[in-house]
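Written below as C-alpha cells is the structure these notes are about.
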Amino acid sequence: MKEAVTHKGKVVKMTPQVTTVAILQHGACSECHAAGLCGMGEMAEKLVEVPTDPYAFYGVGDEVEVLLKASMGMKAVWLAYFIPLLVLLAVVLPLSALHVGEVVTGVCALVAVGLYYLLLYLFRDKLKNEYIFTIKG
C-alpha cells in the first residue's frame with residue numbers, strides 16, 4: 001500500500017504561515033486517449049493550504065508536489081462514504097422491518113444522513129487540523 005497520496009500543483013499564494021497550492025483534479029475520463037476530443041472529461045481546481053516551510057525553496061508560480069499520508073486518505077473515505085452508508089442503513093432497515101411507509105423511511109434516512117453531514121461540517125475546523133498536507137522537498 002502507498003505511504004502517501006500525492007498531487008501535482010502550483011503555488012498560488014505564500015504567507016509566513018500558509019502556502020496555498022492549486023491542484024488540478026482530473027475526473028475518471030481524463031486518462032482516456034480521446035478525452036480532449038469529446039470534452040466530457042471532468043477537471044476541477046482545488047486549493048490546498050499547506051503550512052509554510054521557513055526554508056522553502058519554492059515560490060509563487062512554482063510547480064510542487066503535495067503529499068498527504070495514505071492513512072488520512074482512508075480516514076476521509078470512511079468519514080465521507082462508509083459512515084453515511086451505515087447511518088442510512090441504520091435508519092432504513094429498522095423502519096422497513098417495522099413496515100413504516102417507503103416515503104417516510106426515505107425521508108427519515110435522508111434527514112439522518114443530512115444531520116451526519118451537518119455534524120461533519122460543524123467539526124470541520126477540528127478535522128482540518130488532522131489533515132495536514134506537506135510539500136515534497
**OP:** Determine which pairs satisfy side-chain hydrogen bond (donor to acceptor under 3.5 Å, both in side chains) with at least one residue from residues 79-100, sequence neighbours left out, and list them in order.
**Re:** none
Subject >> Pairs meeting criterion ring pair (Phe, Tyr, Trp, His ring centres under 6.0 Å) with involvement of residues 100-122, two or more places apart >> reply: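 Residue pairs passing ring pair (Phe, Tyr, Trp, His ring centres under 6.0 Å), neighbours aside: none found.
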Original post:
So which residues get pulled into Leu98's cluster when ILVMFWY side chains under 4.5 Å apart are joined, directly or through others?
Top reply: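 Under the 4.5 Å side-chain rule, Leu98 groups with Val91, Leu95, Val100, Val104.
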To the nearest 0.5 Å, tell me how far [X] [atom1] sits from [Y] [atom2].
X: Lys126; Y: Leu120; atom1: NZ; atom2: CG; answer: 11.5 Å
X: Leu119; Y: Leu115; atom1: CG; atom2: CG; answer: 8.5 Å
X: Lys46; Y: Ile23; atom1: NZ; atom2: CD1; answer: 10.5 Å

Subject >> Contact list for residues 96-112, test salt bridge (Lys or Arg N to Asp or Glu O under 4.0 Å), sequence neighbours left out >> reply: none
Going hydrophobic residue to hydrophobic residue with side-chain gaps under 4.5 angstrom, can you get from [X] over to [Y]?
X: Val60; Y: Val48; value: yes
X: Met74; Y: Leu127; value: yes
X: Val12; Y: Val18; value: no
X: Val107; Y: Val87; value: no
X: Leu89; Y: Leu110; value: no

**OP:** Mind running side-chain contact (heavy atoms from CB on, under 4.5 Å) on Asp53 and Tyr58 for me, showing each step along the way?
**Re:** CA-CA 10 Å; Asp53 180 359; Tyr58 47 83; 3.9 Å; yes
Original post:
Can you name the side-chain hydrogen bond (donor to acceptor under 3.5 Å, both in side chains) partners of Lys75, sequence neighbours left out?
Top reply: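 side-chain hydrogen bond (donor to acceptor under 3.5 Å, both in side chains) check on Lys75 returns Glu130.
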Subject >> Which residues share a side-chain hydrogen bond (donor to acceptor under 3.5 Å, both in side chains) with Thr134, sequence neighbours left out >> reply: none
Nearest heavy-atom neighbours spanning [X] and [Y]:
X: Met14; Y: Thr52; answer: CE-CG2, 4.1 Å
X: Leu67; Y: Ile135; answer: CD1-C, 4.1 Å
X: Ala80; Y: Pro84; answer: O-CG, 3.4 Å

**OP:** Taking the side chain as every heavy atom from C-beta outward, state whether Thr19 and Val11 have any pair of such atoms under 4.5 Å apart.
**Re:** yes
Subject >> Side chains of His7 and Phe133 in contact at under 4.5 Å (non-hydrogen atoms) >> reply: no
